[in-house]
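Notes to accompany the following structure.
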Amino acid sequence: MLKLGLAGLVAVALLSLPAEAAGPPPSGVYSCYDARMDYKMRLTITPMPLVMFGLIDASTYCDFDGNHGHYNYNAGNGVLTMLDGSRKGWRYHKVAEWGFALIDNAKGTDIYTCPFEANKNPARGPW
């Protein structure tokens, strides 16, 4: 019998989500978190407000503190790039239909998962 921890169950649930048509990411809030296993092999999830963002429309984002800026989304490679504002130069990589991961520009690796939360209004922060 296969035993799955919380991380395994989350992965199975995400893989079973229906695929959506390719296109721009939906407007809404992307609430980021850090997930790590501690020394006792327990999953620890830590909200990361500093890297959370809300997409207001097809070109405008809002950060956790309510500051606005502009972004560009490249559907070909799934990269969302913050063009100006408080997150200028930050990039997020689409990891599934449900969210993004912040790209560490120095290392080129994904950090902090940012799932889409449809029930939160991006124009009314903090979230």
Side-chain angles (χ1 to χ4, degrees):
M1 179 176 173
L2 178 65
K3 291 184 179 182
L4 294 175
L6 181 58
L9 293 173
V10 170
V12 169
L14 294 174
L15 291 173
S16 65
L17 292 175
E20 296 177 11
S27 296
V29 173
Y30 293 80
S31 294
C32 305
Y33 65 88
D34 183 33
R36 296 184 188 264
M37 298 298 281
D38 68 11
Y39 71 97
K40 291 184 179 180
M41 298 306 292
R42 293 179 299 203
L43 182 63
T44 303
I45 296 175
T46 306
M48 303 301 291
L50 178 64
V51 297
M52 293 178 184
F53 63 97
L55 300 182
I56 295 173
D57 56 34
S59 65
T60 308
Y61 76 89
C62 182
D63 68 17
F64 184 80
D65 294 322
N67 302 306
H68 290 88
H70 296 94
Y71 74 92
N72 179 53
Y73 178 68
N74 182 327
N77 64 10
V79 174
L80 186 143
T81 304
M82 304 310 191
L83 303 174
D84 57 18
S86 65
R87 301 271 163 63
K88 182 178 181 179
W90 290 27
R91 298 178 307 139
Y92 295 82
H93 181 251
K94 185 175 180 181
V95 293
E97 292 301 325
W98 58 270
F100 288 89
L102 178 65
I103 298 172
D104 179 338
N105 284 330
K107 296 179 182 177
T109 57
D110 291 351
I111 54 175
Y112 306 130
T113 303
C114 306
F116 176 65
E117 293 196 44
N119 61 335
K120 293 184 178 179
N121 183 342
R124 295 189 182 234
W127 313 294

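All residue numbers in this chain count up from 1 along the given sequence. Just so it is clear, the values below take in all heavy atoms, side chains as well, and ignore hydrogens, waters and symmetry mates.
- Annotation: the span from W127 atom CH2 to K120 atom NZ amounts to 9.0 Å, rounded to 0.5 Å.
- Distance check: F116 CZ to S31 OG gives 10.0 Å after rounding to the nearest 0.5 Å.
- At least one side-chain heavy atom of T60 sits less than 4.5 Å from a side-chain heavy atom of H68.
- Placement of I45 and Y112 in two distinct hydrophobic clusters is found when ILVMFWY residues are connected by side-chain heavy-atom separations under 4.5 Å, directly or transitively.
- At least one side-chain heavy atom of R91 sits less than 4.5 Å from a side-chain heavy atom of N105.
- For the pair D65/S86, no side-chain contact is recorded, criterion being any heavy-atom separation below 4.5 Å from C-beta on.
- At a threshold of 4.5 Å between non-hydrogen side-chain atoms, the residues L55 and L80 count as touching.
- Less than 6.0 angstrom separates the ring centroid of F100 from the ring centroid of Y30.
- Hydrophobic cluster membership differs between I103 and Y73, with clusters built from Ile, Leu, Val, Met, Phe, Trp and Tyr side chains linked at under 4.5 angstrom.
- Side-chain atoms of Y71 and R87, non-hydrogen and from C-beta on, never get closer than 4.5 Å to each other.
- For the pair T113/Y33, a side-chain contact is recorded, criterion being any heavy-atom separation below 4.5 Å from C-beta on.
- Going from atom OH of Y61 over to atom CG of L83 covers 8.5 Å, rounded to the nearest 0.5 Å.
- For N77 (side chain) and V79 (main-chain N/O), a donor-acceptor pair under 3.5 Å exists by modelled atom type.
- The aromatic rings of Y92 and F53 lie tilted to each other, with the angle between the two planes from 30° to 60°.
- The main-chain N or O of T46 is never found under 3.5 Å from a side-chain atom of D34 such that the two would form a donor-acceptor pair.
- Distance check, rounded to the nearest 0.5 Å: CE of M52 to CG of D63 gives 11.5 Å.
- For the pair R36/D38, no side-chain contact is recorded, criterion being any heavy-atom separation below 4.5 Å from C-beta on.
- Of all the heavy atoms in C62 and I56, the pair that sits closest is CB-CD1, 3.7 Å.
- Residues L102 and C32 have side chains not in contact (no heavy-atom distance under 4.5 Å, counting atoms from C-beta outward).
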